Amino acid sequence: MAEAAKSGDFTSNLSRVYTVYTGGFLAFVVFLYILERSGVSNQTIGYLFVAFTIAVYAAIGIMSRTMDTSEYYVAGRKVPSFYNGMATAADWMSAASFIGMAGTLYLLGYDGLAFILGWTGGYVLVATLIAPYLRKFGCYTVPDFLAFRFGGNPARIAGIVVLMACSFTYVVAQIVGTGLIGARLLGMSFEMAVFVGLVGILVCSMLGGMRAVTWTQVAQYIVLIIAYLVPVVMLSSQKFGLPLPQLTYGQVLSELELREAALGVAVGAKHTVPFVRYDPLNFFALVFCLMVGTAALPHVLMRYFTTPSVREARSSVAWTLLFIFILYFTAPAYAAFAKLEVYQNVIGQPLSSLPGWVYSYGKIGLIQICGVNATDPAAIAAACGRIAGHPGILQLANFSIQADAIVIATPEIAGLPYVVAGLVAAGGLAAALSTADGLLLAIANALSHDVYSRMINKNAPASRKLVIARVLLILVAILAAWVASFRPADIVAMVAWAFSLAAAGLFPALVLGIWWKGTTSKGAVWGIWAGFLTTLMYLVVTRYVPWFGVEYLGMKSNVNALTGANLVDLAKLKAENAAQFYQSWVAVNHPMASRVGWFNVANISAGLFGMPVGFLVMYVVSKFTTAPDKQMQDFIDEVRRPRGKSLMGDQGSVLGH
């Protein structure tokens with residue numbers, strides 16, 4: 001009771017608490033700017049940013065500790081829709097959105113808009129098809145709903161497997177993001193930074209579960225949105241006298257057109273030309289998979305289990321869209337400003353006088369010049385010296401920056417105060433930590449609640465359930481950090497795989513489970529496995545099987561995407577399947593290059609095959625198996641009614657059944 005009263009006092013003062021927090025954070029940024037002007041080193045400022053932000057998140061996590069299962073799994077179901085929308089936006093806007101989105105737009109131009117269209121459009125499906133009805137059901141986890149709706153453990157196990165696959169893939173991408181930021185801010189190796197980030201993730205979520213993660217994510221959203229807006233607002237003000245980059249975006253594109261013409265950029269590689277890296281089929285396939293995957297991701301859906309009512313859940317989706325819109329509406333402008341700064345301040349500079357940030361990012365493998373990591377002037381001079389007739393001036397064809405570096409590097413590229421670069425890195429860290437917290441909690445909760453509490457020891461006391469949940473959280477986090485330390489793929493591509501897996505494995509079961517009373521248990525289980533395995537097979541064979549899909553999306557010609565210069569002997573690549581040729585092409589040309597297979601569909605859109613298979617198998621098998629009984633059909637009718645109490649109690653019992 002005391003714990004509930006304490007929580008109630010906190011939720012009644014949320015506006016005051018987070019207003020003070022925002023003011024304190026801005027004051028801290030100003031304080032660091034004063035330190036920078038006083039001569040304090042950049043590395044010290046980086047350490048202060050990381051220490052302060054993680055300390056705040058840790059304090060919120062510790063203060064939100066709980067031993068109540070409802071508080072741990074669903075934050076007591078009393079998070080107001082406004083703040084749940086903010087927390088969901090932070091949970092959603094991962095390292096892929098914060099770090100990778102503008103970088104992807106920088107390198108793909110128009111074609112990168114597929115990510116924005118897909119990720120925002122998915123929330124329309126969340127609001128209309130799934131989230132309010134799962135809240136009415138009143139479950140703790142997505143597998144909880146599947147198990148009850150489709151009659152027991154076979155559906156629960158299938159849901160857990162899909163949840164684990166898409167969430168683990170997603171969380172590894174977030175930890176890669178924390179490693180990149182930590183390596184840049186703290187000056188340590190990427191591998192070490194990964195495990196430092198892991199500590200930040202665990203202190204936010206381990207003691208308080210969803211309750212701690214919710215209030216931490218609200219704080220993290222405030223940090224990340226300020227960090228994202230500040231540099232591009234400053235650049236817009238400097239160049240056009242208007243601190244609204246979303247409105248000056250068109251002028252930047254006009255300047256880019258002129259710069260690209262002067263630099264000899266191929267017409268088909270210009271920033272505003274559509275369907276260059278993705279043909280129309282792959283562009284819209286990616287939009288589709290991201291939309292449907294958004295509506296089925298377990299760590300997103302579980303956020304709507306925390307609201308006080310069905311109406312609040314629906315309202316929460318609207319707030320989520322607004323908070324996401326602020327960042328996504330800015331991302332194209334961020335990418336355009338970043339590219340213009342590179343053209344103005346980097347390209348055309350003598351190799352002997354490149355700015356120091358080039359080497360900072362080159363040492364962690366994010367910038368290449370003349371085909372080598374820009375670790376120091378000697379390495380660059382040696383590499384460029386091997387190119388016949390090289391003038392000693394940095395040319396566009398010789399400069400490569402990875403998508404994951406664009407956002408955190410732009411303040412330094414533009415010559416803004418280092419405190420702005422530190423602020424952006426702190427925002428990226430907040431984005432990565434917030435999503436990692438949600439994903440790890442989704443995995444640990446599924447294992448502790450759905451496996452241990454529902455399948456192994458149904459009579460376990462609450463204290464033991466929470467101990468199991470925390471132990472599993474730590475183990476999964478360590479495993480994810482270990483995988484991330486190998487730095488697999490790029491962040492946005494890894495996240496796209498997670499969406500396809502969720503779209504194929506969970507979306508058909510959730511939609512038909514709510515909207516078609518004739519869906520049977522066997523139909524759902526067979527459909528989940530069919531859709532999930534089809535997508536997984538397509539992902540694996542198109543990426544890792546040499547003889548399958550030797551063509552690469554975007555590699556229709558062996559030219560640099562920016563300049564039109566020959567880079568790779570594609571005939572040799574096809575003949576030898578030589579990975580080094582592909583990697584060298586990707587580093588310079590196309591970070592989202594992807595092997596294709598059936599009908600030339602990229603592997604990041606694998607859900608395009610798996611989801612229809614899932615729907616079809618569910619429908620056909622359901623038609624040939626026994627329909628659900630009347631009690632279950634009445635239950636589904638009740639789930640679809642927008643009013644009334646949750647149908648499941650806190651212990652998972654169905655009210656009235």
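The first residue in the sequence is number 1, and the count goes up from there. Predicted model, so just to flag it, every value in this text is computed and none were measured.
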Problem - Tyr334/Tyr106 aromatic ring centres below 6.0 Å - result: no
Practice task
Dump the intermediate steps for side chain to side chain donor-acceptor pair (under 3.5 Å) on Arg211 and Thr306, then the final yes or no.
Solution key: CA-CA 9 Å; Arg211 175 178 167 180; Thr306 66; over 6 Å; no
Practice task
Examine Phe499 together with Trp92 and report whether their ring centres are nearer than 6.0 Å.
Solution key: yes
Problem - OH/Tyr619: more than 12 non-hydrogen atoms of other groups inside 6.0 Å - result: no
Practice task
Go through the steps for Leu433 and Thr216 under the test side chain to side chain contact (heavy atoms under 4.5 Å, CB included), then give the verdict.
Solution key: CA-CA 10 Å; Leu433 292 178; Thr216 303; over 6 Å; no
Problem - Side chain Arg135, main chain Ala313, donor-acceptor under 3.5 Å - result: no
Exercise for the section: I would like to know whether Phe284 and Tyr278 meet ring-ring contact (aromatic ring centres under 6.0 Å, His included); could you show each step before the answer? Expected result: CA-CA 9 Å; Phe284 291 108; Tyr278 297 135; over 10 Å; no
Practice task
Check for a donor-acceptor pair, side chain of Ser434 on one end and backbone N or O of Gln220 on the other, with a separation under 3.5 Å.
Solution key: no
Practice task
Compare all side-chain heavy atoms of Leu327 with those of Leu224 and state whether any distance is below 4.5 angstrom.
Solution key: yes
Exercise for the section: Starting from the C-alpha separation in whole Å, work towards a yes-or-no answer on side chain to side chain donor-acceptor pair (under 3.5 Å) for Tyr538 and Asn603. Expected result: CA-CA 7 Å; Tyr538 193 82; Asn603 72 345; over 6 Å; no
Fill in the blank from the handout: Only residue of Phe305, Tyr73, Phe145, Phe148 satisfying ring-ring contact (aromatic ring centres under 6.0 Å, His included) with Tyr140 is Tyr73
Problem - Side chain proximity check, Tyr72 to Leu441, heavy atoms < 4.5 angstrom - result: yes
Exercise for the section: Using the side chain to side chain contact (heavy atoms under 4.5 Å, CB included) rule, take Leu510 and Val142 through it: C-alpha gap first, then chi angles, then the decisive distance, then the call. Expected result: CA-CA 9 Å; Leu510 291 171; Val142 170; 4.1 Å; yes
Handout entry: Main-chain N/O of Arg156 paired with Asn153 side-chain donor or acceptor, under 3.5 Å
Key = no
Exercise for the section: Using the six-membered ring wherever Trp is involved, compare the ring planes of Phe323 and Trp319 and label them parallel, tilted or perpendicular (cut-offs 30° and 60°). Expected result: parallel
Problem - Exam field: side chain Arg77 to backbone Ser70, donor-acceptor pair closer than 3.5 Å - result: no
Problem - Rounded distance (nearest 0.5 Å) linking atom OG1 of Thr519 with atom CZ of Arg149 - result: 5.0 Å
Problem - Verdict with reasoning, Asn84 to Thr307, per side chain to side chain donor-acceptor pair (under 3.5 Å) - result: CA-CA 7 Å; Asn84 193 57; Thr307 58; 5.6 Å; no
